[in-house]
Amino acid sequence: MNFDLQDLSGTFTTFDIIVSLSLAFVLSAVIGWVYRYTHKNVSYSQSYVQTLVMVGMIISLIMLVVGSNIARAFALVGALSVVRFRNAIKETRDVGFIFLVMAIGMTTGTRFYILAIAATVAICLVLLIMNKFTWFKLDVQRQVVKVQVPPEPEFDALVEDVLIRFCTEFELVSTESVRSGALTELYYTAQLRKGKKSSELIAALSAVNTGQRVTVLTGYDQTDI
């Protein structure tokens with residue numbers, strides 16, 4: 001029995017491997033630093049940033065293996081199609097960073113080194129500028145208002161009268177029956193009028209809902225009674 005063994009490593013050199021993976025690591029690490037610096041919410045994850053670096057290097061490796069071989073490219077697509085990712089992305093910008101490191105991995109893996117460096121510098125610079133000058137920021141602070149009231153319809157009207165006095169706008173999001181139907185919990189999104197405070201809104205709602213629970217959420221700050 002004859003075995004025809006062919007060494008395919010000639011499609012790229014050791015220098016290509018070292019430069020591609022090293023550059024993918026450095027550029028992905030820069031992107032990870034920019035992500036960390038520009039992140040503003042409490043959902044920051046160290047493992048996510050480490051994954052960004054790892055994905056950039058893995059994509060670079062994949063592109064080295066695939067090269068210009070169409071058969072290998074289709075085989076890779078088939079192999080990756082069985083992978084299922086179940087972790088939810090917490091923020092939409094996180095998806096953008098994933099695509100960015102994937103693009104950098106592709107460019108380093110296909111040995112477009114200057115393009116990879118230029119793209120990383122340009123895109124990271126744009127991200128830093130947008131973060132510095134808070135581009136596209138909507139300076140509107142909205143509240144989530146949760147009110148428990150007796151199930152009689154007149155209490156819904158009383159609650160909305162209070163919201164009209166204290167809010168420039170509000171919207172009923174959902175209605176839920178609690179305590180085996182003894183109470184109804186109303187969920188609103190609202191925007192307080194200038195000069196009005198969450199504590200004042202809570203006091204006014206507590207005066208019309210027979211002393212049941214009232215909660216006002218503002219961003220990550222919670223006022224509860």
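By convention here, the first residue in the shown sequence is residue 1. A quick note: this is a predicted structure, and the numbers were derived from the prediction, not measured.
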Minimum heavy-atom separation for [X] and [Y], please, with both atom names.
X	Y	result
I59	G105	CG2-C, 3.6 Å
P151	A182	CD-O, 3.3 Å
Q212	Q148	CB-O, 3.1 Å
Q143	L192	OE1-N, 3.3 Å
F155	V208	CD2-O, 3.4 Å
V162	A204	CG1-CB, 3.6 Å

L158 vs L205, side chain to side chain contact (heavy atoms under 4.5 Å, CB included): CA-CA, chis, key distance, verdict: CA-CA 8 Å; L158 292 174; L205 290 172; over 6 Å; no

Shared hydrophobic cluster for [X] and [Y] (ILVMFWY, side-chain gaps under 4.5 Å):
X	Y	answer
L115	V19	no
L64	F112	no
V173	Y188	no
I117	F15	yes
Y187	L163	no

Is any side-chain heavy atom of [X] less than 4.5 Å from a side-chain heavy atom of [Y]?
X	Y	answer
L172	L186	yes
T38	R93	yes
R111	D16	yes
L27	T107	no
T184	T175	yes
I17	L61	no

To the nearest 0.5 Å, what is the distance between [atom1] on [X] and [atom2] on [Y]?
X	Y	atom1	atom2	value
K132	Y37	NZ	OH	6.5 Å
K146	E176	NZ	CD	9.0 Å
W33	R36	CH2	CZ	9.0 Å
L52	I31	CG	CD1	8.0 Å
N209	L183	CG	CG	9.0 Å
T110	I62	OG1	CD1	13.0 Å

Check the pair V214 / L201 against side chain to side chain contact (heavy atoms under 4.5 Å, CB included), numbers first and verdict last. CA-CA 9 Å; V214 177; L201 175 60; over 6 Å; no

Could you go through the side chain to side chain contact (heavy atoms under 4.5 Å, CB included) check for L127 and F97 one step at a time? CA-CA 10 Å; L127 291 169; F97 277 91; 3.7 Å; yes

Do the ring centers of Y48 and Y35 come within less than 6.0 Å of each other?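 Between Y35 and Y48, which both carry aromatic rings, the centre distance is below 6.0 Å.
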
Are the side chain of T168 and the backbone of Q191 linked by a donor-acceptor contact shorter than 3.5 Å?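 Yes; at least one donor-acceptor contact below 3.5 Å.
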
How about Y113: does its OH atom have over 12 heavy atoms from other parts shown lying under 6.0 Å from it?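 Check passes, neighbour count above 12.
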
Counting only heavy atoms from other residues, nucleotides and ligands, does the tally under 6.0 Å from CD1 of I129 exceed 12?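 Yes - once you tally the heavy atoms of other residues, nucleotides and ligands closer than 6.0 Å, there are more than 12.
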
I'd like to know if the side chain of S60 pairs up with that of S20 as donor and acceptor (distance under 3.5 Å, no hydrogens or angles considered).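 Looking only at side-chain atoms, S20 and S60 do not form any donor-acceptor pair under 3.5 Å.
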
If you look only at pairs with a residue in residues 150-175, which of them pass as a salt bridge (charged side-chain N to carboxylate O under 4.0 Å, His left out), with sequence neighbours excluded?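 Checked against salt bridge (charged side-chain N to carboxylate O under 4.0 Å, His left out) - neighbours excluded - the pairs reaching residues 150-175 are R142-E169.
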
